[in-house]
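So the structure is just underneath, and the comments pick up after that.
Per chain, numbering begins at 1; letters A, B, ... match sequence-line order. These values consider heavy atoms only, across backbone and side chains, with no hydrogens, waters or symmetry-generated copies. Just so you know, these numbers come straight off a predicted model, no measurement behind them.
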Protein chains: 2
Amino acid sequence: MTEKTFSIGELCAEFDVTPRTLRFYEQRELLSPIREGQKRIFTARDRARLKLILRGKRFGFSLESIRQWLELYDLGDSQVTQLTTWLEHAAQQMDTLREQRDELQDAMTELQDLITYVERDLEVRGAAEAAE
Amino acid sequence: MTEKTFSIGELCAEFDVTPRTLRFYEQRELLSPIREGQKRIFTARDRARLKLILRGKRFGFSLESIRQWLELYDLGDSQVTQLTTWLEHAAQQMDTLREQRDELQDAMTELQDLITYVERDLEVRGAAEAAE
DNA sequence: GATGACGTTGACGTTAACGTCAAGCTAAAT
DNA sequence: ATTTAGCTTGACGTTAACGTCAACGTCATC
């Protein structure tokens with residue numbers, strides 16, 4: 001089974017980015033499309049990585065840090081020692097993600113408190129108005 | 001009770017930012033310190049806002065979008081209609097935060113699956129080694 | 001009265017992450 | 001054969017978010 005591949009235009013359309021962006025990611029070694037002649041051919045792996053890249057960007061990570069934890073996602077046929085190192089890196093990345101998630105949760109709780117307060121205020125005002 | 005105030009240096013030390021940063025935030029209207037002579041005096045409100053700013057940055061938000069949802073945090077003695085509008089904006093902001101949190105959760109789940117897989121792999125290898 | 005700590009206002013420099021041309025190739029359609 | 005669509009490689013431009021440097025003011029201190 002020959003894997004599905006994509007032209008630069010196809011990927012751009014699917015993920016709403018420009019060719020410039022994908023070429024830039026290639027230059028920074030976040031993607032590594034094959035060449036057919038001089039045209040770029042993106043594999044399913046590239047597509048998967050692009051998904052991860054864009055998600056990482058939404059998290060506010062830099063391309064460089066994204067590049068590093070992309071490496072987590074293609075562990076080959078590694079030695080035991082390498083797997084152990086991998087596990088450490090993975091655990092670190094988990095911590096980073098967890099921290100950010102928790103902080104988001106805090107922000108949400110705070111905002112929700114404010115919202116609840118304002119809603120109560122509106123209720124009270126509504127009651128006062130009804131009592132006129 | 002006269003509220004506590006801060007010099008630019010104090011805030012910088014506390015939050016590990018440079019004076020340039022705080023002046024920049026003032027110029028972009030994220031902070032609005034008072035002047036004493038020509039020196040900036042930061043109030044407790046400025047300090048609170050700075051906290052929110054830095055948190056927002058960790059979330060990957062732009063200063064401009066941070067500036068907007070900072071407005072959520074100082075609702076004055078508003079009219080009912082304004083409070084209703086406020087509630088809409090707040091709800092939107094909650095959606096944004098929730099979305100990002102959920103996406104972070106997804107990323108964590110994925111990574112955890114990988115970790116579990118690798119851990120199992122290591123266990124199997126350990127068992128194989130012990131059987132030699 | 002000079003020195004040093006802390007602050008000020010410009011103004012220009014820098015880095016990341018692309019955008020925006022210009023000039024050219026290449027295969028398919030007119 | 002030429003237009004069109006999609007791709008290529010430079011190379012310079014842009015925006016956000018500051019950094020850096022120069023030149024200056026203002027106290028407290030030595």
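Among Arg55(A), Arg58(A), Lys57(A), Arg101(A), the one residue that satisfies the salt bridge (Lys or Arg N to Asp or Glu O under 4.0 Å) test with Glu103(B) is Arg58(A).
Proximity of Tyr25(B) to the phosphate of dA17(D): no side-chain N or O atom is located under 4.0 Å from OP1 or OP2. For the OP1/OP2 pair of dG19(C) and a distance below 4.0 Å, the side-chain nitrogens and oxygens of Thr18(A) include at least one atom meeting the criterion. Lys57(B) has a side-chain polar atom (N or O) that falls below the 4.0 Å cut-off from OP1 or OP2 of dC18(D).
Side-chain atoms of Trp86(A) come within 3.5 Å of backbone N or O of Leu72(A) as a donor-acceptor pair. A donor-acceptor contact shorter than 3.5 Å links the side chain of Ser65(B) to the backbone of Ser62(B). A donor-acceptor pair is defined here as one N or O able to donate and one able to accept, closer than 3.5 Å; no such pair exists between the side chain of Arg47(B) and the backbone of Leu11(B).
Counting to the nearest Å, the P atom of dA17(C) and the CG atom of Leu22(A) are 15 Å from each other. To the nearest angstrom, C1' of dT15(C) lies 10 Å from CZ of Phe24(A). The nearest whole Å value for the distance from the CZ atom in Arg20(B) to the C1' atom in dG10(C) is 10 Å. At whole-Å resolution of the value, CD in Glu36(A) and C1' in dC7(D) are 12 Å apart. One interatomic measurement links the two molecules: CG of Asp16(A) to C1' of dG19(C), which rounds to 15 Å at whole-angstrom precision. Atom-to-atom, CD of Glu64(B) to C1' of dT15(D) comes out at 13 Å; the value is rounded to the nearest Å. Here dC18(C) presents its P atom at 15 Å from CD of Glu26(A), a figure rounded to the nearest Å. Distance, Arg58(B) CZ to dA17(D) C1': 17 Å, rounded to whole Å.
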Are any protein N/O atoms closer than 3.5 Å to N/O atoms in nucleotides 5-8 of chain C? If there are, list each pair with its distance.
residue	atom	partner	partner atom	Å
dG7(C)	OP1	Ser7(B)	OG	3.1
dG7(C)	OP1	Gly9(B)	N	2.9
dT8(C)	OP1	Arg40(B)	N	2.9
dT8(C)	OP1	Arg40(B)	NE	2.8
dT8(C)	OP2	Arg23(B)	NE	3.3
dT8(C)	OP2	Arg23(B)	NH2	3.0

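No hydrogens or angles considered: a donor-acceptor pair under 3.5 Å links the side chains of Gln112(A) and Thr116(A).
Linking ILVMFWY side-chain heavy atoms closer than 4.5 Å, directly or via other members, places Val17(B) and Ile41(B) in two distinct hydrophobic clusters.
When every heavy atom of Thr18(A) is checked against every heavy atom of Cys12(A), the shortest pair comes out as C-SG, 3.4 Å.
Checking dC18(D), dA17(D), dC18(C) against the side-chain heavy atoms of Thr21(B) singles out dC18(D) as nearest.
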